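Structure, as structure tokens:
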Amino acid sequence: MNPFDVTKAVDYSDQELFYNWVDFPKHSFQNFIRPTLEMPMLIVGSKGSGKTHIMKHFSYSMQKIRSNNTFDNILKEGYIGVYLRCSGLNGYRFLGRNETEETWNSVFAYYLDLWLSQLFLDVIDNIFVINKGLQKLEGIVCEKVLNLFSTSKEKIIDIRGLIDFLKLQQKNIDHAINNISLSSKNLSQSVEILSNPGDLIFEIPNIITSTVPELTNIKILFLLDEYENFSSGQQKYFNTLIRERRNPVCFKIGARRYGLKTTETLSADEHIKAGSEYELFDLDNIFRENYVEYREFLRNISIKRIANSQIRISTDISKYFNQSNLDSDFEIIKGKRLHIDKFITKLKKYKVKNVNEIVKNVGCENVLIERLNIYIIYRSIKKGENLIEISSLLKECSQQYISGHNVKMYDVILDKFKQDLIDALYRENGLKLTSYCGFDNLVKISNGIPRHFLMIMKHIFRWNTFYENDFASNTVSTEIQLLAIKDTVLWFMEDANKTDENTNYRYSIESICNFLRELRFSDLPPECSISTFEIRNVDFNPGLKRIITFLEQYSYIIKEDYGRRDKNSNVRNDMYQINGLLACWWELSISRRGIVKLSSDKLENIFYYNRAEELKIMMAKELLKYNVPFRKENTVLELFD
Amino acid sequence: MAEENIDKYYYKLKIFSETVWEHKISKNKIDIWLSNFKEEERENLLFLLTQFIYFSKLQIDNMLISIYRDFYKYVIVENYRLSNNNTTDIVSIKNHFKESERKSRFIPIGNPSESSSSLLGEFRKINNIRKDLFIERSELLNFTLGDIEHFIFIDDICGSGHQAYHENQAYISHIRTKFPNSKIHYYSLVGLEEGLEFLNGNNQYDFLESVLRLDKTYKCFSSESRIFKNNEDNIKQDDLKQICESYGLQLYESIVIRQGGNPYYAAPHKLGYNDSQLLIGFHHNTPDNTLPIIWYNEDMITWNPIFPRANKVY
């Protein structure tokens, strides 16, 4: 069995969720989420960041499991969690069909009140079952709750009956909506709203906690997951509840990045404000800013899942993953020396004199130094220096370096470009880049999105089976890790298959990655460790903004929090790093060091699929600057003929 | 070997293995199989392996259901209704079918150690048929009892049709003599059209069907072979055929020699029994109609099969 087969919390049963729960090291999710906090909280995070797992952890069904079904232990937590997936409401039903927005909003508000109240009463019913002594209070609770309904003459004596009553109201609404096209009545005639908006959500918990002495100080925590599935109008209603929250009710709202479509409320169209009316908890940021804890978190998840699958491993999980072996790979490269062939071809193509002597001088038994010497020769070509002299100097430097001396010129370049030169060596010699392998790098690649890591692990286990490789007794080869990354990239890119009249997101992703890769593997790259680009004033360009928002929303690019200031204008620019999975696929860096500055024009050429021709010309011009013979722009055709 | 193609083929094979091939192969098993061949031949063979058609237990179980239900039961029911004014009387239909079933005998093709025999065990279980309605083929010659109306031969594959024809001849003569009013059926999971036509032409069986009929496009090296249609990888049919023939001949020769025959007679079988040229395998076994390089599992020549055939040399 593959311990990583399940990568979505919704696919787990409550028992499995509990069984596979891993807390965030050091800080604990409890400290971030603070379930009894009165101020509502919006939990945002990318797809796969673990929002559902975290929110479900605070739900009553999980409280019950971890409290061994003991009422007193549940009470010790100080709250009762009521979990709802917003997608379950099919919010899109409450739209159109010749009904006014106002009517729909009223019906939706009532429907949501009924739904949440049912979920809450289900929990209460269960509590009354666990603690039979409380059942004597059911009659009083029912009487008080029924008073919230304007015209009800029902005689209900227990919670179950109350739930059935709410269910019936909800069913009536479903019936009216489903038959709206067939009925001669409009919605306002066929649906009767029996309570004030929000009354059920706030007052039923109030009735319960004031009637049941054991629950007096208990908070009722509504956990609304997948808030992005509500339309703006629907969010507007719930935003109003957030604004007008009353004790003992607390809210935690889970949403994707950009899932909060509006901050408007129904209170004279006022907005809810982060910090004063709700607290914003950005899960991605927590994971990205606390790398050590995030790494530990993924390690613990892995160990737990593997152990739950009856596979015995040690807690030092890193040792199960092979890393790049430079020594053996350099030996292979030495045997091939294709980087030298490429170098010779290039020099000859541009009619450099004394090629044989230059090549002889740059040669070194250490292939990294040999490639570094080539880099320096390229730099000298750009500067117009005497290549024979430089190569002779490099010959001496190489000898010094080999004999153990420090060579300052080398140190300066290697400090910045070492990984780029290593990757170039691999690439030029037809080897796959293995610098992405190893547990720490896989963590890095996931960019703070646990599901990306879990997907890689899932595919590692699949490939391990195909390779008949036992995880516990053998390390995972770099080959398997790269295959697993490839599978994960294919899965990740599925969301990008979205197009509209002017946009093809997959094209935009491929295009920016191709562009950055060409820069990274040019003869003299403009920056080291390329994978990040910077863009100015993107807010003024709606077309670009839409694409960037989509790419960021799905984490194809990761926005760096503070951007950086333009040296000349002092304007703060936006900075985006290519997602780690994409970086591996396109052989970009997974570290963020060098930043490629792009103007709106350039980025438009890259992102807009109807500008492929312009992009070709732009790339050719751009690469002229970084490739031998480093000619001016007007020689484009000569270089690419 | 073109790296990209190799990666692509392994990738495909991994997906096949973890989905429809019941984890029957692994990277190691593929590499061991490839070690039978020369380095320069391996890309071709890897491509060939991606074209292999495997019938899993689930598929075979459903095919066995189909044989019993569609070829046997429904035909009996249909005939009964036709001769009874399209009756819908479920009780009389059920009684008639029960009676017909009692007067039926299901017989595997081949001897008890062969794959059709174990297949028939599955056939019985999955269709919930009484044990006493099954007999071994060898028992047929002594079988004279009862008022049997249907003799149903079940086979996994009908390739050229020659085995089903020649090997059954004596048994069928016996049935025709002893049970002149009975009907003789032959049903297979998979049948090559040419084999089914051959059997049909010989009128040996009253009823003849195959769940899956394979036309010439399933023959690896026929001019219409589906394997090489839309072949983007520039794999040459002639090259691959030559490789399969040269190894296949050696392998089949060893079988013929072991059976005491003249190696000369191996030539027609170098691409599978009687030039079947198939590339298929079943959960329970790989038929000899498939290319021998896939299944050869004898000890006369050191060979690592990828889908081994249960040893058949007696």
Side-chain angles (χ1 to χ4, degrees), chain A residues 1-7 309 322 329 332-333 335-336 338 426-434 436-437 455-471 473-494 581 584-587, chain B residues 1-37 39-40 42-43 45-58 232-234 279 281 283 286 294 297 303-308:
Chain A
M1 193 197 136
N2 186 337
F4 297 89
D5 258 344
V6 176
T7 56
S309 301
N322 277 359
D329 289 345
I332 298 170
I333 290 169
K336 293 187 168 188
L338 296 178
Y426 273 66
R427 201 167 183 254
E428 287 163 358
N429 284 280
L431 302 185
K432 284 177 181 152
L433 270 56
T434 51
Y436 307 114
C437 298
M455 284 298 287
I456 296 174
M457 289 298 287
K458 173 178 169 170
H459 288 296
I460 280 177
F461 269 79
R462 281 191 180 178
W463 279 104
N464 249 0
T465 306
F466 186 61
Y467 274 66
E468 293 182 46
N469 191 37
D470 177 32
F471 189 86
S473 46
N474 289 312
T475 52
V476 180
S477 65
T478 53
E479 188 184 358
I480 287 182
Q481 291 175 60
L482 291 177
L483 287 165
I485 290 171
K486 180 185 167 185
D487 281 342
T488 311
V489 172
L490 294 175
W491 160 82
F492 183 44
M493 286 296 279
E494 279 171 17
L581 283 168
C584 294
W585 188 245
W586 269 273
E587 301 174 318
Chain B
M1 292 208 284
E3 276 305 312
E4 245 176 63
N5 280 350
I6 301 297
D7 287 352
K8 188 172 77 184
Y9 298 147
Y10 276 117
Y11 187 79
K12 264 191 182 179
L13 292 168
K14 179 227 171 205
I15 301 283
F16 287 152
S17 185
E18 65 191 16
T19 52
V20 285
W21 288 6
E22 301 174 318
H23 294 278
K24 277 269 173 90
I25 60 161
S26 66
K27 169 88 166 39
N28 288 347
K29 282 180 187 153
I30 297 169
D31 290 345
I32 291 171
W33 176 65
L34 286 178
S35 71
N36 294 315
F37 306 95
E39 183 72 37
E40 63 272 21
R42 292 179 187 174
E43 184 183 346
L45 287 149
L46 218 40
F47 163 79
L48 189 77
L49 191 55
T50 63
Q51 305 301 313
F52 189 77
I53 301 171
Y54 178 81
F55 294 89
S56 65
K57 180 161 191 324
L58 179 75
E232 298 160 353
D233 304 334
N234 207 20
L279 204 50
H283 165 81
T286 308
I294 298 286
N297 188 27
W303 188 263
N304 304 300
I306 184 77
F307 285 98

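It should be emphasised that the depicted structure is a prediction, and the values quoted were computed from it without experimental measurement. Each chain gets a letter, A, B and so on, in the order its sequence line appears, and its residues count up from 1.
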Side chain, backbone, both or neither: which part of B/Asp7 has a non-hydrogen atom closer than 4.5 Å to chain A?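 Side chain only.
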Can you measure from CG (A/Asp487) to OH (B/Tyr11) and round to the nearest 0.5 angstrom?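 Reported to 0.5 Å precision, the distance equals 3.5 Å.
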Atom OH in A/Tyr467, atom OH in B/Tyr10: separation rounded to 0.5 Å?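 Result: 7.5 Å between the selected atoms.
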B/Ser26 to A/Phe466 - nearest heavy-atom pair and separation: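 Scanning both residues completely, I find the closest heavy atoms to be CB-O, 3.0 Å.
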NZ of A/Lys432: more than 12 outside heavy atoms within 6.0 angstrom?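 Count not over threshold, so no.
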Looking at side-chain heavy atoms only, is the closest gap between B/His23 and A/Thr465 below 4.5 Å?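 The answer is yes, as the side chains (C-beta and beyond) meet within the 4.5 Å cut-off.
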